[in-house]
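Worksheet for the structure shown next.
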Amino acid sequence: MRVAVVGAEGGGLLQAVAEDGSPQGPPQPVRDLAAAVAERERADRPRWVWAATAELYPGLLRAGARADRAHDLGLTEAILLAADGRWGEPRSFPAAWARLRGLPVPDDTARPSGAPGAGQPALFDHDLLGLPGPAELLEGVVAVHADQQRRLAGAVPRSERVQGVGAGAREAAEGAGGGWPGGLGLLVAAESAGALAAVEMAAAGLPWRPEVHDAVLTELLGPRPRAGAVPQRLADLAARVGAAFGLPRLNPDSPAQVLRAFANAGTPLPSTRSHVLRGVDHPAVPLLLAYKELSRLHATYGWSWLDAWVAGGRFRPEYVPGGVVSGRWATRGGGALQIPHALRRAVVADPGWTFVVADASQLEPRVLAALSGDDGLARAAAGGDLYAALAADAFGGDRARAKTALLAAMYGGDVGQLMTVLRRRFPAAVGYVEAAARTGEEGGLVRSRLGRTCPPPSTAWLAATEAAGGLGPDAEAVPRGRRAARDRGRFTRNFVVQASAADWALVLLAAVRRRLAGEAGQLVFFQHDEVVVHCPRDDADRVAAEVRDAAAESGRLVFGDTAVRFPLSVAVVDCYADAK
DNA sequence: GGCCATAGCGCG
DNA sequence: AAAGCGCGCTATGGCC
């Protein structure tokens with residue numbers, strides 16, 4: 001059971017549609033959309049079909065209407081277009097509808113920034129679309145949904161549709177148990193569930209104690225300075241860095257000035273990166289390293305961040321599901337996915353509540369094992385410490401070398417000998433990523449386990465590689481083209497692993513969300529391979545068990561029958577900093 | 001004044 | 001030990 005929905009001046013329109021998108025009754029006008037949605041949710045638990053979860057759901061949720069399932073037309077359109085190699089085309093609902101009707105396609109307009117909920121974006125305003133009213137808007141939602149269901153039914157997992165995929169990739173994919181387990185349906189459902197979770201997490205907020213944050217800053221930087229002033233500790237360090245060079249006016253934030261200072265001191269450096277500085281013997285180095293670390297903390301997550309992003313004891317980032325090409329999430333403002341470990345002290349559960357923090361251990365190598373169907377790697381991934389098992393199996397017990405080799409296989413580093421060992425012992429796994437790299441170098445497309453598709457090469461890339469292969473290329477064109485090809489190979493090599501890991505994590509998130517429905521506990525954070533649930537202390541053990549079950553469920557749904565395990569490390573802690 | 005590229009580093 | 005992948009964010013510094 002599906003119900004298409006559009007909002008209109010507080011009320012809205014609902015219309016039941018079948019699985020294939022055909023209407024199953026007349027449009028039903030409602031005066032109070034949230035009340036109508038809540039009632040229908042209780043009665044039928046339908047899948048809500050709407051233009052964009054991020055636009056419609058926050059208001060519904062605020063008014064008390066929680067949705068269990070959705071079909072987000074914009075997110076689905078993006079997945080379908082990408083699967084066809086059509087990356088640059090606008091993917092919003094209005095764009096999809098315009099394409100369907102053969103009308104000029106509007107650009108994807110950026111959502112206005114600002115406080116969540118403030119100023120409703122006009123993206124789906126019927127006036128802007130030149131439409132007579134919400135009835136026509138509903139017609140569009142129904143039509144685009146039906147079209148997407150047709151395209152989803154036709155999106156058969158056949159890798160030969162992918163340009164440039166060599167036989168190796170095809171065999172590797174099929175050897176793993178056959179491409180996408182259920183077409184793109186699972187991906188689309190998980191993407192929409194993720195969008196619901198994102199809105200709910202933004203509404204719940206991550207518990208955040210401003211006084212603890214302030215105490216951490218004060219301990220590291222000195223007391224909060226007046227607006228615009230530099231904290232004492234930073235001013236001291238900057239002065240001492242300057243003194244070490246005999247340059248009192250040196251600005252440590254300026255790489256150019258710092259490079260000049262080192263050059264004048266007889267130590268020319270390629271850059272002022274920390275790892276370069278660490279190899280330099282000069283009295284300014286430790287001061288500079290300390291300055292850089294504290295300066296970053298102050299600039300990015302200092303008192304102004306606290307003022308801007310924490311209110312009422314909650315940090316409310318704006319998540320952007322599917323914001324990364326690999327399907328990982330991004331955030332808009334607040335830097336929620338880069339919170340420094342030092343500040344996780346400030347993430348403290350409410351009285352009587354606690355956090356269940358669960359993160360997937362060694363997710364990407366496990367994903368590679370499951371993707372490639374490599375028996376040896378799957379054996380190593382069947383237990384707790386994959387790298388230790390790998391080391392015992394093929395690297396004479398040297399865990400560090402085993403880890404380096406496997407990371408290089410997934411990311412494209414050059415580790416010479418280690419790769420030879422890896423290739424001999426785990427031919428399917430290495431073959432899988434190398435086929436993906438070859439496809440990328442040739443300009444082809446690769447896909448995640450659930451069918452999320454990488455972007456095609458840019459026109460600049462095509463120009464660079466064509467210039468290198470053309471007749472009488474100039475001397476610089478050849479290395480430039482080769483470099484472009486290699487760069488893209490590393491991207492697609494990594495894409496198949498990172499994006500499949502994102503598939504798994506997204507399905508995990510959806511499974512956790514479903515298991516928590518009706519419970520007191522709430523998802524409050526999701527970071528690539530990690531979920532955080534805020535729950536009453538008495539529920540923590542049950543929540544931890546649910547999260548573990550959700551991980552096993554995600555493994556089955558995404559990878560089917562595999563020996564590979566996806567263990568979670570689960571911590572029940574009152575403070576986020578105490579997890580792992 | 002705003003815009004943009006670059007450098008650098010936080011997270012996974 | 002560092003580097004290979006994906007991001008967001010800030011400061012600098014050149015440009016219009």
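Every chain is numbered from 1 and lettered A, B, ... according to where its sequence line falls, protein lines coming before strand lines.
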Please report, rounded to the nearest Å, how far the [atom2] atom of [N] is from the [atom1] atom of [X].
| X | N | atom1 | atom2 | value |
| --- | --- | --- | --- | --- |
| Glu318(A) | dG8(C) | CD | C1' | 14 Å |
| Trp309(A) | dG10(B) | CH2 | P | 21 Å |
| Glu364(A) | dC5(C) | CD | P | 13 Å |
| Met419(A) | dG4(C) | CE | C1' | 10 Å |
| Leu234(A) | dA11(C) | CG | P | 12 Å |
| His528(A) | dG6(C) | NE2 | C1' | 8 Å |
| Leu294(A) | dG8(B) | CG | P | 18 Å |
| Arg273(A) | dA1(C) | CZ | C1' | 16 Å |

Ignoring the backbone of [X], work out which of [options] is nearest its side chain.
| X | options | value |
| --- | --- | --- |
| Pro255(A) | dA3(C), dG8(B), dG12(B) | dG8(B) |
| Asp253(A) | dT12(C), dC9(B), dC11(B) | dT12(C) |
| Ser274(A) | dC9(B), dG4(C), dG6(C) | dC9(B) |
| Thr404(A) | dG8(B), dG12(B), dA2(C) | dA2(C) |

What does [X] touch in the nucleic acid at a heavy-atom separation under 4.0 angstrom: a base, only the sugar-phosphate, or nothing?
| X | value |
| --- | --- |
| Val325(A) | sugar-phosphate |
| Ser254(A) | sugar-phosphate |
| Ser295(A) | nothing |
| Gln527(A) | sugar-phosphate |
| Gly323(A) | nothing |
| Leu297(A) | nothing |
| Arg488(A) | nothing |
| Asp359(A) | nothing |

- Query: Knowing that exactly one of Glu364(A), Arg493(A), Arg490(A) qualifies, which makes a side-chain hydrogen bond (donor to acceptor under 3.5 Å, both in side chains) with Tyr411(A)?
  - Reply: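 Of all the options given, the one that passes is Glu364(A).
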- Query: Is atom CZ of Arg314(A) surrounded by more than 12 heavy atoms (other residues, nucleotides or ligands) closer than 6.0 Å?
  - Reply: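 Atom CZ in Arg314(A) is packed in, count exceeds 12.
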- Based on the glycosidic angle (syn within 90° of 0, else anti), state the conformation of dG4(C).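 Classified syn.
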- Query: Do the rings of Tyr319(A) and Phe525(A) sit parallel, tilted or perpendicular, given the 30° and 60° boundaries?
  - Reply: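 Rings of Tyr319(A) and Phe525(A): tilted, as their planes differ by 30° to 60°.
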- Under the 3.5 angstrom rule, does the side chain of His298(A) hit a backbone N or O of Val230(A) as a donor-acceptor pair?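 The answer is no, because no donor-acceptor pair under 3.5 Å joins these two groups.
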- Message: Tell me whether Asp359(A) contacts the main-chain N or O of Glu530(A) through its side chain, where contact means a donor paired with an acceptor under 3.5 Å.
- Response: no
- Query: What about Arg296(A): does its side chain form a donor-acceptor pair under 3.5 Å with the base of dC9(B)?
  - Reply: yes
- Message: Any donor-acceptor pair, under 3.5 Å, between the side chain of Arg493(A) and the base of dG4(C), if you only look at N and O atoms?
- Response: no
Quick one: is [N] close enough that its OP1 or OP2 comes under 4.0 Å of any side-chain N or O from [X]?
| X | N | answer |
| --- | --- | --- |
| Thr300(A) | dC9(C) | no |
| Lys292(A) | dG8(B) | no |
| His275(A) | dA3(C) | yes |
| Thr272(A) | dG8(B) | yes |
| His341(A) | dG10(B) | no |
| Arg490(A) | dC5(C) | yes |

- Message: I need the single residue from Leu186(A), Leu508(A), Leu450(A), Asp503(A) that forms a side chain to side chain contact (heavy atoms under 4.5 Å, CB included) with Leu557(A). Which is it?
- Response: Leu186(A)
- Item | Residue matched to dC11(B) through Watson-Crick or wobble contacts both under 3.5 angstrom | dG6(C)
- Item | Who pairs with dA5(B) - Watson-Crick or G-U, where each distance is under 3.5 Å |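 Answer to the pairing question: dT12(C), which forms a Watson-Crick or G-U pair with dA5(B).
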- Task: Map Asp487(A) and Gln257(A) onto DNA chain C by nearest heavy atom, then report which one ends up closer to the 5' terminus.
- Result: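 It is Asp487(A), whose closest nucleotide lies nearer the 5' terminus.
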- Message: Both Asn494(A) and Arg278(A) contact DNA chain C. Which one's nearest nucleotide lies toward the 5' end?
- Response: Arg278(A)
- Query: Of the options Trp303(A), Trp305(A), Tyr301(A), which is the one that meets His213(A) in a ring pair (Phe, Tyr, Trp, His ring centres under 6.0 Å)?
  - Reply: Trp305(A)
